[in-house]
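Just follow the structure's listing: the first ligand is 1, and inside any ligand the first atom is 1.
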Amino acid sequence: MSTHTPPGMDRLAIHTITLKPWSLRKAVENYARVGAKGITVWRDKLGEMPIPEARDMISSEGLEVVATCRGGFFPGVDAETRQKGIDDNLKAIEEAHAIGAPMVVLVCGAVPGQPLEESRKQIQDGIEAVLPRAIDAGVKLAIEPLHPMYADDRSAINTLGQANDMCEGIGSTHVGVALDVYHLWWDPALEAEIQRCGELGALYAFHVCDWLTPTKDMLLDRGIMGDGCINVPEIRSWVESAGFTGMIEVEIFSNELWAGDQAEYLDRIVHAYQTHT
Ligand code: ZN
């Protein structure tokens, strides 16, 4: 690998869930204090204050809302369940519009025991059902492929190739991809599919963290960049070669990190962003 050039602080965005113990207000104040420029707001935080108030607070601290997390979960065994998924995504689009987020990240969903092809078809149908509202609201939809260990119940879209195929199949300027190193680092086709995603104009978002060995919890044991086995700077170089110039979003779920001092943990994130991203 060539020498590492740290990304500028003006590209650092942090998800609210990364510092989960903090309220939205506390997260915003502290992210601004350390020099981050973006925030991705998880929907659980939207109940803490009226959305217009949250929007004003975020912009008055000089932060940009990069996205809201998350919509998706389209598949279901019956039409009624799938309609509930569609309704929730319509709500997510309205919320994103209200808080000034340009996109909603989609964790697309899956149903244990249902063939993955069927779930993928239901995902595409669901996205197409909410797409007109997304276009009207000026909100893009970012499909986030998840690691195959979540193929049973969280996402039937598990590679960037599958996400690119779906974007190509839908063919909209409002449907693209959120690329998360945690989910995709292992894929031998990753560099080529990142290039393809860029050519499709579909590379909307870039999420970073690290893969710990051993991973003690399938969902809630992600590491800070540099603490695990993912070559984040190399993947970032591929993403930038494909034309991505957006925010670099730190998204970490970790029971262990949430249990410690959050201000210290935020300082570690900033250091890891500058040295291992
Ligand atoms: Zn992610």
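When distances from the Zn ion (ligand 1) to the N, O or S atoms of Asp180 are compared, OD2 comes out shortest.
By the 6.0 Å contact criterion, CD on Glu256 is open, its count of non-hydrogen atoms from other residues, nucleotides or ligands being 12 or less.
At a threshold of 4.5 Å between non-hydrogen side-chain atoms, the residues Asp125 and Ile127 do not count as touching.
Annotation: ring pair (Phe, Tyr, Trp, His ring centres under 6.0 Å) contacts involving residues 224-255, sequence neighbours excluded, comprise Trp42-Phe253.
For Trp185 and His147, the ring centers are positioned 6.0 Å apart or more.
Distance check for His207 against the Zn ion (ligand 1): an N/O/S atom falls below 2.8 Å.
Considering the Zn ion (ligand 1) as centre, the angle to OE2 of Glu144 and to OE1 of Glu251 is 160° (10° rounding).
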